[in-house]
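Read through the structure below, which is laid out as structure tokens, and then see the notes.
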Amino acid sequence: MRDVCETRGDDPVGRAVACIRERYGDPLSLTDIAESARLSRFHFARLFKDTTGITPGRFLAAVRLHQAKRLLLSSSLNVADIAASVGYSSLGSFTTSFTAGVGVSPGRFRRLSRTGGGPGAPGPALPAPGPPGPGLPGPWPGARGGSGAVAGTISLPDGHGNARVYVGAFPTPVVQHPAAAGIVVDVPSGRPSCYRLPDVPAGTWYVHAVAVADGVGPDPRARRTSLVGGHGAVAVGAGTVTSTAVRLRRDRPADPPVLLALPDLEPPRTPLAPAGCPASALPSVAATA
């Protein structure tokens, strides 16, 4: 390719993702990214969306905003310099895109991160499970045709301690503003826990979960891990409850970055009693595995 990316490996989507994550600050075109995958533009665009759930252009835009979030948290660069470093030529377009995807402006995101500050999940600290706290982006602006709920279990992979999990319903495969509904749930180590996501507008949604989990051993906080999980194409009917199990895992390079400004996901310090999901708490309608 034209010296845009030097990627290796047998997986064309993996090569393209590596190119995007390496060169997000450059003016990459679809042709550039397709050449990194060594495929025609048409074949590449279809394969990329089938694998990641979104187009290459949307993935690139998400990576740019995610990197901007990282710089707002970890650097003293001003917003204009951050915008330029992640590939935006206009501060206005960057601010508009950031606010639309994250749910708050770049300056507000930086201020919120200083009041809470979980790993990768800035926002006011939440001492107990519940809805997102004040100052964070709210749920879907309104629902017509009624609403239902999504409920089920959240399970952690082996080798993790207690976790705090944000679960939300979204219109796209990207965890971005606005969420149709969202809650925070504490999940104990070693056993699934119940969740119930209320007031989800009738329709089809992606259920996404983002978590921070303690490790195990004498100092569990020293080995914290970010986890993700979810389920796509979950149909919710008015006045019904849809059962959806959420299995958390480590994120993968081809996962679209998390954009939404989340509440602080500091795992609870006090060990939680093992909590299952009694049969009476599970919905008896429309189930998705």
Short N-O contact, Glu266 and Arg224, less than 4.0 angstrom: yes

For the residue pair Phe170 and His208, categorise the inter-ring angle as parallel (less than 30°), tilted (30 to 60°) or perpendicular (more than 60°). tilted

Tell me, do Val174 and Pro256 make a side-chain contact under 4.5 Å, heavy atoms counted? yes

Any side-chain heavy atom of Thr99 within less than 4.5 Å of one from Phe109? no

Checking Ser85 side chain against Ile82 main chain: does a donor-acceptor pair fall under 3.5 Å? yes

Separation between CZ of Arg249 and CG of Leu227, rounded to the nearest 0.5 Å: 9.5 Å

Checking the side chain of Thr153 only, and the main-chain atoms of Cys194 only, is there a donor and an acceptor separated by less than 3.5 Å? no

Using modelled atom types only, decide if a donor and an acceptor are shared between the side chain of Ser97 and the backbone of Phe94 within a distance under 3.5 Å. no

Distance (rounded to the nearest 0.5 Å) between Leu39 CG and Phe48 CZ: 12.0 Å

From CG (Leu77) to CG (Leu72), nearest 0.5 Å: 9.0 Å

Rounded to the nearest 0.5 Å, what separates atom CG in Asn78 from atom CG in Leu91? 8.5 Å

May I ask you to decide if Gly92's main-chain N or O and Thr95's side chain share a donor-acceptor pair within less than 3.5 Å? no

When you look at CG of Asp50, are more than 12 heavy atoms from neighbouring residues, nucleotides or ligands closer to it than 6.0 Å? yes

Only one of Asp214, Asp264, Asp186 passes salt bridge (Lys or Arg N to Asp or Glu O under 4.0 Å) with Arg164, and that residue is Asp186

Just wondering, do Leu248 and Ile154 contact through their side chains at under 4.5 Å, heavy atoms? yes

With heavy-atom distances below 4.5 Å as the criterion, would you say the side chains of Val212 and Thr225 are in contact? no

Non-hydrogen side-chain atoms of His43 and Ser40 separated by less than 4.5 Å: yes

Distance-only side-chain donor-acceptor flag, Gln67 / Arg70, under 3.5 Å: yes

Would you call Thr55 and Phe59 a side-chain contact if the rule is heavy atoms closer than 4.5 Å? no

Ser155 backbone acceptor or donor facing Arg247 side chain under 3.5 Å: no

On a heavy-atom basis, the closest approach of Asp26 and Arg64 is O-NH2, 2.7 Å

Within the distance-only criterion (no hydrogens, no angle test), does the side chain of Lys69 pair as donor or acceptor with the backbone N or O of Leu259 below 3.5 angstrom? yes

Spacing of Thr242 atom OG1 and His231 atom NE2 [to the nearest 0.5 Å]: 11.0 Å

Any side-chain heavy atom of Val150 within less than 4.5 Å of one from Val236? yes

For Tyr195 and Val185 the tightest heavy-atom approach is CB-CG2, 4.0 Å

